[in-house]
Amino acid sequence: QVQLVESGGGLVQPGGSLRLSCAASGFAFSSYAMGWYRQAPGKERELVAGISSTGGVTNYADSVKGRFTISRDNAKKTVYLQMNSLKPEDTAVYYCNRGIARGGVGSWGQGTQVTVSS
């Protein structure tokens with residue numbers, strides 16, 4: 001019954017910005033750290049940003065540090081990813097999940113496509 005619904009993706013030019021949202025249900029959202037993952041064509045899925053259950057601690061892959069910001073609203077059971085200064089190499093399908101220490105728990109949503117191209 002766990003559901004994760006990603007939204008906010010789209011086509012954007014290099015240097016542009018997007019904000020992704022992940023609406024969660026079916027589990028105690030406020031008790032879990034959450035992460036954003038991405039999978040580019042022909043590549044493995046990777047963790048790009050994580051946030052603790054309270055939002056007090058965040059971490060980022062080196063490739064996105066200084067450009068992406070992860071946040072959460074526990075009342076809305078939603079986690080966000082603000083993506084600035086986007087690069088073509090950011091093109092991927094983006095997913096959210098819990099259990100980031102385990103590489104995600106097996107209940108992946110559909111993801112949302114981000115395409116960065118001129």
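The analysis underlying the following values was restricted to heavy atoms, covering all of them including side chains, and did not include hydrogens, waters or symmetry mates.
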Starting at [atom1] of [X], measure out to [atom2] of [Y] and round the result to the nearest 0.5 Å.
X    : Y    : atom1 : atom2 : result
L86  : S117 : CG    : OG    : 12.0 Å
Q82  : S71  : CD    : OG    : 8.0 Å
N74  : M34  : CG    : CE    : 10.0 Å
Q110 : S7   : CD    : OG    : 13.0 Å
N97  : E6   : CG    : CD    : 8.5 Å

What salt bridge (charged side-chain N to carboxylate O under 4.0 Å, His left out) pairs are there with at least one residue in [range], not counting sequence neighbours?
range           : value
residues 29-40  : R38-E46, R38-D90
residues 91-104 : none
residues 70-86  : none
residues 9-30   : none

* **Same apolar cluster: W108 and L4, side chain cutoff 4.5 Å** =>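 Shared cluster, no.
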* To do: Check whether V5 and Y94 end up in the same hydrophobic cluster, where Ile, Leu, Val, Met, Phe, Trp and Tyr are linked by side-chain heavy atoms less than 4.5 Å apart.
  =>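 No.
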Mind listing the closest non-hydrogen atom pair of [X] and [Y] along with its distance?
X    : Y   : value
W36  : L20 : CH2-CB, 3.7 Å
S17  : S85 : OG-N, 4.3 Å
I100 : A33 : CD1-CB, 4.1 Å
A49  : L81 : CB-CD1, 4.1 Å

* What pairs with K65 under salt bridge (Lys or Arg N to Asp or Glu O under 4.0 Å), at least two apart in sequence or on another chain? ->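 Residues passing salt bridge (Lys or Arg N to Asp or Glu O under 4.0 Å) with K65: D62.
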* Asked: Under 4.5 Å between any side-chain heavy atoms of L18 and V114, yes or no?
  -> yes
Using the test side-chain contact (heavy atoms from CB on, under 4.5 Å), find all partners of [X] that sit at least two apart in sequence or belong to another chain.
X   : value
T58 : I51, Y60, I70
S53 : none
Q39 : R45, Y95
S52 : T54, V57

* Asked: Does a sphere of radius 6.0 Å around CD in E44 hold more than 12 heavy atoms from other residues, nucleotides or ligands, not counting ones at 6.0 Å or beyond?
  -> no
* **Within 6.0 angstrom of Q113 CD, more than 12 heavy atoms from elsewhere** => yes
* Asked: So which pairs with a foot in residues 44-118 pass disulfide bond (SG atoms under 2.5 Å apart), sequence neighbours left out?
  ->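 Of all non-adjacent pairs touching residues 44-118, those that pass disulfide bond (SG atoms under 2.5 Å apart) are C22-C96.
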* **Pairwise ring pair (Phe, Tyr, Trp, His ring centres under 6.0 Å) hits with a residue in residues 65-93, at least two apart** =>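 Ring pair (Phe, Tyr, Trp, His ring centres under 6.0 Å) check on residues 65-93 returns no pairs.
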* To do: Scan for ring pair (Phe, Tyr, Trp, His ring centres under 6.0 Å) pairs involving residues 12-33, sequence neighbours excluded, and state none if there are none.
  => F27-Y32
